[in-house]
Amino acid sequence: MNLTPFTTALYDGDGTDAARAIEATFAPDALVRLCHPLGDMDPSGLADAYATLRSAMPDFERRVWIEMAGEDDHGAHWVGQGATIIGTFTAPWLDIPPTGHLVHMRCHDFFRIEGGRVVEMQSIWDIPELMMQAGAWPLAPSLGREWHVPGPTPQDGLGPHTPGTTARDRIKDMLDHLKKHPAQGGPEVMEMERFWHPRMTWYGPAGIGTGRGIQGFRDWHQIPFLAGMPDRGQYVDEITYHFFGAGDYAAVTGWPNMIQTITHPGWLGIAPSGQRVTMRSLDFWRLEGDRIRENWVLVDMLHLYDQIGVDPLARMREFNKARTGFDPQTGLAVRESRL
C-alpha cells in the first residue's frame with residue numbers, strides 16, 4: 001500500500017488535506033491507538049487530533065525519515081514510519097505553554113494494512129520532548145542526552161528496502177539474549193558485543209534520553225531499567241508482538257509489548273511500589289553487517305506514569321500556573337497566573 005497521500009498531506013498540506021487523506025487511506029472502522037492521554041479513536045478522531053495540534057503549530061509539518069514495510073509472524077502486513085513533527089509553537093497544546101519558537105516532537109507511527117487500507121494504527125508522540133522544550137517537564141531529569149534525534153546516518157531510511165526477514169530475525173535473536181539477564185546470569189549472558197556495534201547509538205524517548213556506545217546504553221538506560229524491574233521479559237505469553245523487517249532495518253510494535261513489576265529503586269526516580277505495569281515501546285533498528293548501529297525507541301512515558309498514579313500533565317499545570325510566557329499576538333511577555 002502507498003501511504004504517500006497521507007504522508008504528503010501531513011508534510012505540505014493543511015487541516016482539510018489531512019482529513020481527506022486520512023479518509024482515503026484508512027478503513028472507516030480502523031482502530032487508531034495514540035499515546036496517553038490521546039487514547040483510542042476512529043480515523044475522524046485522528047484527523048481531529050492533528051487539527052488540534054495544528055491549531056497550536058499553524059506551520060505544522062510531519063517529516064518522515066524512516067519508512068519500511070514487512071510481514072509480522074502472524075502474516076499481517078505492517079508499514080512503520082519514524083518521523084518528526086515540527087512547527088512554531090504559538091498556542092497551548094495539552095496545556096503545554098507555547099514558546100513562540102520552532103519545536104520538534106518525534107513520533108513513531110505503525111500501520112497495519114488489509115485490502116489496501118489502514119485497519120489499525122499504533123502511534124507514540126514524544127509529548128515529554130515538547131514539554132522539555134517549553135521548560136515545562138516537571139519530573140525527574142533524563143540520565144541520557146536530550147537532543148533533536150536524527151534519522152539514519154546513511155540517509156537511506158526511506159528505502160527502497162529489499163524485502164526479507166534477515167534483520168527481523170537478527171533483532172529477535174538479540175532480544176532473546178537480552179531477556180536472559182538477570183534471571184539466567186550476569187550481563188555476559190546478553191552477549192552485547194555480538195549483537196551491538198561498538199559505536200552504536202540508542203535514541204531513547206524524552207525522559208530517558210540517548211546513550212552512545214554499549215556502555216552509554218547500559219549506563220543511561222539498561223542498568224537502571226533492569227535494576228528497577230528485574231522481571232522484565234518474563235511475561236511474553238501475555239503479549240502480542242509485531243516484528244517486521246526489510247533490508248538493513250527492523251521494527252517492532254505492540255500495544256503493549258512489555259510487562260514488568262517495579263520492585264526496586266533505580267529507574268526514573270520511581271519508588272518501588274510493587275506495581276505491575278505494561279509498556280508500549282515502538283522501535284526501529286538499523287544494522288551494519290550483522291550488528292546494530294542505530295536503535296530508535298519511543299516509549300509511551302505518560303501512559304507508564306499514569307499506571308503508577310503520577311500525572312505529569314497535571315503536575316506541569318501546577319508547575320507553570322504562574323510563569324512569564326510569550327504572547328504571539330503582541331510579541332510581549334505576559335504573566336500566566338491561575339492563582
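For this chain, numbers begin at 1 and follow the sequence in order.
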* Evaluate the criterion side-chain contact (heavy atoms from CB on, under 4.5 Å) for residue pair Cys107 and Ile124; output intermediate values, then yes/no. => CA-CA 6 Å; Cys107 58; Ile124 296 177; over 6 Å; no
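- Shown here are the side chain to side chain donor-acceptor pair (under 3.5 Å) partners of Arg315, two or more places apart in sequence or in another chain: there are none.
- Taken to the nearest 0.5 Å, the NE2 atom of His177 stands 14.5 Å off from the NZ atom of Lys172.
- Partners of Ala206 under the side chain to side chain contact (heavy atoms under 4.5 Å, CB included) rule, at least two apart in sequence or in another chain, are Asp126, Pro128, Glu129, Met132, Glu146.
- Nearest heavy atom pair, residue Val103 against residue Phe89, reads CG2-CB, 3.7 Å.
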Review point. Would Trp125 and Tyr50 count as a ring-ring contact (aromatic ring centres under 6.0 Å, His included) if you check the C-alpha gap in whole Å, the side-chain angles of each, and the deciding distance to 0.1 Å?
Key: CA-CA 11 Å; Trp125 301 357; Tyr50 282 124; 5.4 Å; yes
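- We find the OG-CD1 distance between Ser44 and Ile22 to be 9.0 Å, quoted to the nearest 0.5 Å.
- Glu67 meets the side chain to side chain donor-acceptor pair (under 3.5 Å) test with Gln81; sequence neighbours excluded.
- For residues 190-199, the set of pairs meeting the salt bridge (Lys or Arg N to Asp or Glu O under 4.0 Å) definition, not counting sequence neighbours, comprises Glu191-Arg194.
- Taken to the nearest 0.5 Å, the NE2 atom of His242 stands 6.0 Å off from the CD atom of Glu120.
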Going through the distances and angles, do Leu53 and Met105 end up as a side-chain contact (heavy atoms from CB on, under 4.5 Å)? CA-CA 11 Å; Leu53 185 57; Met105 180 171 61; 4.0 Å; yes
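- Within the structure, salt bridge (Lys or Arg N to Asp or Glu O under 4.0 Å) contacts touching residues 247-267 (residues at least two apart or in different chains) do not occur.
- Considering only residues two or more places apart in sequence or on other chains, Tyr11 meets the ring pair (Phe, Tyr, Trp, His ring centres under 6.0 Å) condition with none of them.
- The environment of Arg291 atom CZ is dense: over 12 non-hydrogen atoms of other residues, nucleotides or ligands sit within 6.0 angstrom.
- For the side chain to side chain contact (heavy atoms under 4.5 Å, CB included) test, residues two or more places apart in sequence or in another chain that qualify with Ala9 are Asp17, Ala21.
- Between Val79 and Met68 there is no side-chain heavy-atom pair separated by less than 4.5 Å.
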**OP:** Output, in order, the C-alpha distance, side-chain angles, deciding distance and verdict of side-chain contact (heavy atoms from CB on, under 4.5 Å) for Phe217 and Met200.
**Re:** CA-CA 9 Å; Phe217 165 65; Met200 60 157 287; 3.8 Å; yes
- request: For the pair Trp296 and His108, evaluate ring-ring contact (aromatic ring centres under 6.0 Å, His included) and give the outcome as yes or no after the intermediate values.
  value: CA-CA 9 Å; Trp296 295 264; His108 290 181; 8.1 Å; no
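- Side chain to side chain, Thr253 and Trp255 fail the donor-acceptor criterion of an N or O pair below 3.5 Å.
- Val64 and Phe26 are members of different hydrophobic clusters when ILVMFWY side chains are connected at heavy-atom separations under 4.5 Å.
- Other residues, nucleotides and ligands place no more than 12 heavy atoms under 6.0 Å from the CH2 atom of Trp220.
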Residues 278-286 side chain polar contacts: donor-acceptor under 3.5 Å, at least two apart:
{"residue": "Thr278", "atom": "OG1", "partner": "Gln307", "partner atom": "OE1", "Å": "3.3"}
{"residue": "Arg280", "atom": "NH1", "partner": "Asp300", "partner atom": "OD2", "Å": "2.8"}
{"residue": "Arg280", "atom": "NH2", "partner": "His303", "partner atom": "NE2", "Å": "3.4"}
{"residue": "Ser281", "atom": "OG", "partner": "Asp283", "partner atom": "OD1", "Å": "2.8"}
{"residue": "Ser281", "atom": "OG", "partner": "Asp283", "partner atom": "OD2", "Å": "3.4"}
{"residue": "Trp285", "atom": "NE1", "partner": "Asn295", "partner atom": "OD1", "Å": "3.3"}
{"residue": "Arg286", "atom": "NE", "partner": "Glu294", "partner atom": "OE1", "Å": "2.7"}
{"residue": "Arg286", "atom": "NH1", "partner": "Glu288", "partner atom": "OE2", "Å": "3.2"}
{"residue": "Arg286", "atom": "NH2", "partner": "Glu288", "partner atom": "OE2", "Å": "3.0"}
{"residue": "Arg286", "atom": "NH2", "partner": "Glu294", "partner atom": "OE1", "Å": "3.1"}

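- Within a 6.0 Å radius of NE2 in His101, no more than 12 heavy atoms belonging to other residues, nucleotides or ligands are found.
- Each of Ile223 and Met192 belongs to its own hydrophobic cluster when Ile, Leu, Val, Met, Phe, Trp and Tyr are linked at side-chain heavy-atom distances under 4.5 angstrom.
- Atom CD1 in Ile262 sits 4.5 Å away from atom CD1 in Ile270 (nearest 0.5 Å).
- Looking at Trp202 and Thr210, their side chains never bring a donor and an acceptor atom within 3.5 Å of each other.
- Nearest heavy-atom pair, Gln234 versus Ala183, reported as atom, atom and distance to 0.1 Å: NE2-CB, 4.0 Å.
- Rounding to the nearest 0.5 Å gives a distance of 9.5 Å between CE of Met229 and OG1 of Thr261.
- Side-chain heavy atoms closer than 4.5 Å link hydrophobic residues (I, L, V, M, F, W, Y) into clusters, and following such links, even through other members, never connects Leu102 to Leu10.
- Note on residues 25-49: pairs passing salt bridge (Lys or Arg N to Asp or Glu O under 4.0 Å), not counting sequence neighbours, are Arg33-Asp40.
- Using a 4.5 Å heavy-atom threshold, the side chains of Phe6 and Phe111 count as touching.
- Residues Leu143 and Ile214 do not share a hydrophobic cluster, defined by chaining ILVMFWY side chains whose heavy atoms lie under 4.5 Å apart.
- Tested against Phe60, the residues Ile86, Thr88, Ile85 include a single side chain to side chain contact (heavy atoms under 4.5 Å, CB included) partner, Ile85.
- Pairs of residues two or more places apart, or lying in two chains, that qualify as salt bridge (Lys or Arg N to Asp or Glu O under 4.0 Å) and include a residue from residues 78-102 are Asp95-Arg317.
- In terms of the salt bridge (Lys or Arg N to Asp or Glu O under 4.0 Å) criterion, residue partners of Glu238 (sequence neighbours excluded) are, by chain and number, Arg276.
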Problem set entry | Residue pair Leu3, Val118: steps toward the side-chain contact (heavy atoms from CB on, under 4.5 Å) verdict | CA-CA 9 Å; Leu3 285 174; Val118 174; 4.0 Å; yes
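- Partner Arg168 forms a salt bridge (Lys or Arg N to Asp or Glu O under 4.0 Å) with one of Asp173, Asp73, Asp72 and no other, that one being Asp73.
- Taking the side chain as every heavy atom from C-beta outward, Arg293 and Thr201 never approach each other to under 4.5 Å.
- Separating the CG atom in Leu94 from the CG atom in Leu38 is a distance of 6.0 Å, to the nearest 0.5 Å.
- For the pair Thr263/Pro272, no side-chain contact is recorded, criterion being any heavy-atom separation below 4.5 Å from C-beta on.
- The side chain to side chain donor-acceptor pair (under 3.5 Å) check on Arg170 picks up nothing, with sequence neighbours excluded.
- Within the 4.5 Å cutoff, side-chain heavy atoms of Pro150 are placed close to those of Tyr203.
- Nearest heavy atoms, Met301 versus Pro205: SD-CG, 4.2 Å.
- Residues Lys180 and Met190 fail the side-chain proximity criterion, which asks for heavy atoms closer than 4.5 Å.
- The hydrophobic clustering, which links ILVMFWY residues whose side-chain heavy atoms are closer than 4.5 Å, places Val297 and Phe195 together.
- Heavy-atom minimum distance, Ser55 versus Ala91: O-CB, 3.9 Å.
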